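Only one structure is covered here, and it is reproduced in the block below.
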Protein chains: 2
Amino acid sequence: MRRIAPDRDQLLAMVAEVFREHGYEGASIALIGAATGLGKGSLYHFFPGGKEEMAGAVIAHIDGWFEDNVFERLRDGTDPRAGIEHMFEATDSYFRSGRRVCLIGAFALEESRDLFASQIRDYFGRWVGHLADALARDGHGTTEAAELAEEAVAAIQGALTLARAVDDAGMFSRVLRRTHMRLGLTGGDDI
Amino acid sequence: MRRIAPDRDQLLAMVAEVFREHGYEGASIALIGAATGLGKGSLYHFFPGGKEEMAGAVIAHIDGWFEDNVFERLRDGTDPRAGIEHMFEATDSYFRSGRRVCLIGAFALEESRDLFASQIRDYFGRWVGHLADALARDGHGTTEAAELAEEAVAAIQGALTLARAVDDAGMFSRVLRRTHMRLGLTGGDDI
DNA sequence: GACGCATTGTACCGTTTGGTACAGTCGGGT
DNA sequence: ACCCGACTGTACCAAACGGTACAATGCGTC
């Protein structure tokens, strides 16, 4: 059979959902198999490195999505404010208003952190870095921009944790709106 | 042998560290045994409910610590500002300036969330609630106080995630200082 | 139509998992 | 001195874990 399985993008998306839902340790090969409809044979064919390669690929996939849909726009020199604005929209949409969790953030808290330390550090480092650059271009001093960026990304991550913890539908959007305001963007428009 | 093992408080603290470091799934009974110096016999003697009871007891233990050392002071009617101030000091100290992770926050992101949903919701709900009350008593409007409280607790949780992710020693304290300022406390004093 | 190879299902492996059973061991109370 | 019960180590269990081996399968290509 040539390619009955979903293509790599769809496959990674399905695997990602399992890791997101169960964590690295909790996501068993059996679970991943059930979620993707693939047997061990296929799974280990696509990811000879096993579970660790799956998780690594999933992180890279997510990283790529943020690179293309968030960081790229933050890097765009012409209108930093638009890039930041778009970051909030993309973030709210990606995390489904807090109903979805940040897989990379979750991995950072688990034991799995050690396995993927460099990928995790890269992802968050670039997020904070690009946001800080955009804020600096928007008129903030370098130090203030850097601290604001840290504060904003932390607020987003914390809001995801909190939203999941208290199971409050509105909380993620509320924190997002506030963070939006903290970055000096007009508080009026809803995101 | 009567009570050669460490007393319950010390025992729970040791078990907590294992869960903190490895997550719920990652913390095996063998690991917990090694960390506490107790065999399975003793472990299951103290916690007949097994791993789930251990984790539940650990959460309750941590919850109790925050109740006594943070929430209590927030609830103190006479000087809300002092209570909030103390929350920041206690938080920075408890989380070892970001080198330690919030076990309850980590559990909220894992699959284990389902097992401990009510304890987790309680803990964060009370934190946000008491902080909001204190802020309201400090002069903020009810709605603003509630949103500020959510923002602050989210910032703390996110800073823990981020600090762990990027392995930056200064980041937790920086975010904490900023949050401190956001709550209308003097930005000058270092915490 | 036949060959080659990407893909697949299945059987199997050793290890580790959480948990149980139970016989011992000891210290405090009498 | 003795006994009760809190504590402990060890042996054991079935199930699940991640991973491997391999023969079958069928599509694309020539």
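Labels below follow one simple rule: chain letters A, B, ... track the order of the sequence lines, proteins then strands, and each chain is numbered from 1. Because the structure is predicted, anything quoted here is derived from the model rather than measured.
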Rounded to whole Å, how long is the line connecting atom [atom1] of [X] with atom [atom2] of [N]?
{"X": "Glu111(A)", "N": "dT17(C)", "atom1": "CD", "atom2": "P", "result": "10 Å"}
{"X": "Leu43(A)", "N": "dG18(D)", "atom1": "CG", "atom2": "C1'", "result": "11 Å"}
{"X": "Leu31(A)", "N": "dG19(D)", "atom1": "CG", "atom2": "C1'", "result": "17 Å"}
{"X": "Lys51(B)", "N": "dG18(C)", "atom1": "NZ", "atom2": "P", "result": "4 Å"}
{"X": "Tyr44(A)", "N": "dC13(C)", "atom1": "OH", "atom2": "C1'", "result": "13 Å"}
{"X": "Glu25(A)", "N": "dA16(D)", "atom1": "CD", "atom2": "P", "result": "18 Å"}
{"X": "Ile32(B)", "N": "dT8(D)", "atom1": "CD1", "atom2": "C1'", "result": "17 Å"}
{"X": "Ile29(B)", "N": "dT15(C)", "atom1": "CD1", "atom2": "P", "result": "21 Å"}

* Asked: Does a side-chain N or O from Ser28(B) land closer than 4.0 Å to OP1 or OP2 of dT17(C), or not?
  -> yes
* Short side-chain N/O contact from His45(A) to OP1 or OP2 of dT7(C), under 4.0 Å -> yes
* Structure fact -> Closest to the side chain of Ser42(B), out of dG19(D), dG18(C), dG9(D), is dG9(D)
* Could you work out which one of dG18(D), dG19(C), dT7(C) sits closest to the side chain of Phe46(A)? => dT7(C)
* How are the rings of Trp65(A) and Tyr94(A) set relative to one another: parallel (under 30°), tilted (30 to 60°) or perpendicular (over 60°)? -> tilted
* To do: If the plane angle is over 60° it's perpendicular, under 30° parallel, otherwise tilted; pick one for Tyr123(A) and Phe66(A).
  => perpendicular
* Would you mind checking if Arg178(A) and Glu144(B) are paired as a salt bridge, meaning a charged N to carboxylate O distance below 4.0 Å? => yes
* Asked: Does Tyr24(A) or Gly41(A) map to a spot on DNA chain D nearer the 5' end, using the closest nucleotide for each?
  -> Tyr24(A)
* Asked: Are Leu109(B) and Leu160(A) connected in the hydrophobic side-chain network, where two residues link if heavy atoms are under 4.5 Å apart?
  -> no
